[in-house]
Peer 1: 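Can you read through this structure? Questions will come right after.
Being a predicted model, the structure only gives us computed values, none of them experimental.
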Amino acid sequence: QVQLVESGGGLVQAGGSLTLSCAASGRTFSSYALGWFRQAPGKDREFVAAIAGNGGRTYYATSVKGRFTISRDNAKNTGYLQMNSLKPEDTALYYCASGFVAATAPTMYNYWGQGTQVTVSS
């Protein structure tokens, strides 16, 4: 079993920044990829970013590339999503997920956190 707990969400004005954290427990964190997804009301869950287990490769959705940065600290069993230049359309519930490979499809991830809300006001 793997437990993932997100934190760091909140209300921020457009143009502001937030850093989300994903604390993991239950298995060797560095052996697995970490992904961030988001879901806005009435919309499907969408891929945001992913990082390989060793942190060597990262992937981003086109909509966040250049504004968001995914990282991980395997010594602390924690992943991060640094979000800059936030826009109202970034408003969503943000989830972290763990899987065998860094992928864009939610179905490739085995474990999910409960999510943390990010709201960007205009």
Side-chain angles (χ1 to χ4, degrees):
Q1 275 288 11
V2 176
Q3 293 79 43
L4 301 172
V5 179
E6 303 95 336
S7 61
L11 174 64
V12 64
Q13 288 188 331
S17 298
L18 282 175
T19 299
L20 306 184
S21 298
C22 175
S25 62
R27 65 181 183 184
T28 307
F29 183 65
S30 62
S31 298
Y32 299 91
L34 186 70
W36 284 96
F37 292 79
R38 65 187 182 186
Q39 188 166 19
K43 295 188 176 181
D44 292 335
R45 189 168 299 189
E46 67 170 346
F47 170 76
V48 175
I51 187 168
N54 62 5
R57 301 194 73 171
T58 57
Y59 306 87
Y60 294 94
T62 302
S63 59
V64 306
K65 193 173 293 184
R67 299 188 298 124
F68 291 11
T69 302
I70 189 172
S71 62
R72 63 192 298 158
D73 185 340
N74 287 341
K76 295 183 178 179
N77 283 4
T78 302
Y80 304 96
L81 185 68
Q82 172 70 42
M83 306 185 296
N84 298 326
S85 302
L86 283 162
K87 305 175 181 180
E89 50 263 45
D90 293 319
T91 294
L93 188 61
Y94 282 71
Y95 299 89
C96 66
S98 175
F100 291 111
V101 295
T104 61
T107 54
M108 296 298 289
Y109 294 84
N110 308 104
Y111 298 97
W112 292 80
Q114 293 300 306
T116 185
Q117 178 68 37
V118 172
T119 302
V120 184
S121 63
S122 57

Peer 1: Got a second to check how far Cys96's SG is from Ile70's CD1, nearest 0.5 Å?
Peer 2: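 Here the rounded value is 9.5 Å.
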
Peer 1: Here's a test for you: under side-chain contact (heavy atoms from CB on, under 4.5 Å), which of Val120, Val48, Thr69, Leu20 qualifies with Met83?
Peer 2: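 Answer after filtering Val120, Val48, Thr69, Leu20: Leu20.
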
Peer 1: Transitively linked via ILVMFWY side-chain contacts under 4.5 Å: Val118 with Leu4?
Peer 2: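 Hydrophobic grouping puts Val118 apart from Leu4.
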
Peer 1: Between CG of Asp73 and OH of Tyr80, what distance do you get to the nearest 0.5 Å?
Peer 2: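 With rounding to 0.5 Å, CG (Asp73) is 5.0 Å from OH (Tyr80).
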
Peer 1: Quick check for you: to the nearest 0.5 Å, what is the distance between Ser30 atom OG and Asn77 atom CG?
Peer 2: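 Between Ser30 OG and Asn77 CG, I get 8.0 Å after rounding to 0.5 Å.
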
Peer 1: How close do Gly99 and Tyr109 get, heavy atom to heavy atom, and via which atoms?
Peer 2: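 Smallest interatomic distance, heavy atoms only, reads N-CD2, 3.6 Å.
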
Peer 1: Are the aromatic ring centres of Phe100 and Tyr32 under 6.0 angstrom apart?
Peer 2: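 Ring-ring flag for Phe100/Tyr32: true, centres closer than 6.0 Å.
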
Peer 1: Measuring centre to centre across the rings, with the benzene-like ring taken for any Trp, is Tyr59 within less than 6.0 Å of Phe47?
Peer 2: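 So the answer is no for these two rings.
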
Peer 1: Which atoms form the tightest heavy-atom contact between Ala33 and Val101, and what is the distance?
Peer 2: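 Heavy atoms of Ala33 and Val101 come nearest at CB-C, 3.3 Å.
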
Peer 1: Between Pro88 and Ser122, which heavy-atom pair has the shortest distance, and what is it?
Peer 2: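 Heavy atoms only, the tightest pair is CG-CB, 3.8 Å.
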
Peer 1: Can you tell me how far the CZ atom of Phe29 sits from the SG atom of Cys22, to the nearest 0.5 Å?
Peer 2: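 Output value for this atom pair is 6.0 Å.
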
Peer 1: Distance from Thr19 atom OG1 to Leu81 atom CG, nearest 0.5 Å?
Peer 2: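 The CG atom of Leu81 is 8.0 Å from OG1 of Thr19, to the nearest 0.5 Å.
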
Peer 1: If you count heavy atoms of other groups shown closer than 6.0 angstrom to CD of Gln114, is the number above 12?
Peer 2: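 Atom CD in Gln114 is not packed in, count stays at 12 or less.
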
Peer 1: In this structure, is the centre-to-centre distance between the rings of Phe68 and Trp36 below 6.0 Å?
Peer 2: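 Aromatic pair excluded; centres sit 6.0 Å or further apart.
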
Peer 1: Checking Asn54 against Arg72 for the side chain to side chain contact (heavy atoms under 4.5 Å, CB included) test, could you report, in this order, the C-alpha distance in whole Å, the side-chain angles of both residues, the deciding distance, and whether it holds?
Peer 2: CA-CA 9 Å; Asn54 62 5; Arg72 63 192 298 158; over 6 Å; no

Peer 1: Transitively linked via ILVMFWY side-chain contacts under 4.5 Å: Phe37 with Ile51?
Peer 2: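 No, Phe37 does not connect to Ile51 through the hydrophobic network.
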
Peer 1: As a quick check of understanding, evaluate side chain to side chain contact (heavy atoms under 4.5 Å, CB included) for Asn110 and Val2, giving each step before the final call.
Peer 2: CA-CA 9 Å; Asn110 308 104; Val2 176; over 6 Å; no

Peer 1: Could you check Asp90 against Arg38 for side chain to side chain contact (heavy atoms under 4.5 Å, CB included), going step by step and ending with a plain yes or no?
Peer 2: CA-CA 9 Å; Asp90 293 319; Arg38 65 187 182 186; 2.9 Å; yes

Peer 1: Give the C-alpha distance, both sets of side-chain angles, the deciding distance and a yes or no for side chain to side chain contact (heavy atoms under 4.5 Å, CB included) between Ser7 and Thr116.
Peer 2: CA-CA 6 Å; Ser7 61; Thr116 185; 5.6 Å; no

Peer 1: Distance from Tyr94 atom OH to Glu6 atom CD, nearest 0.5 Å?
Peer 2: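 Answer for the OH-CD pair, Tyr94 versus Glu6, is 12.5 Å.
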
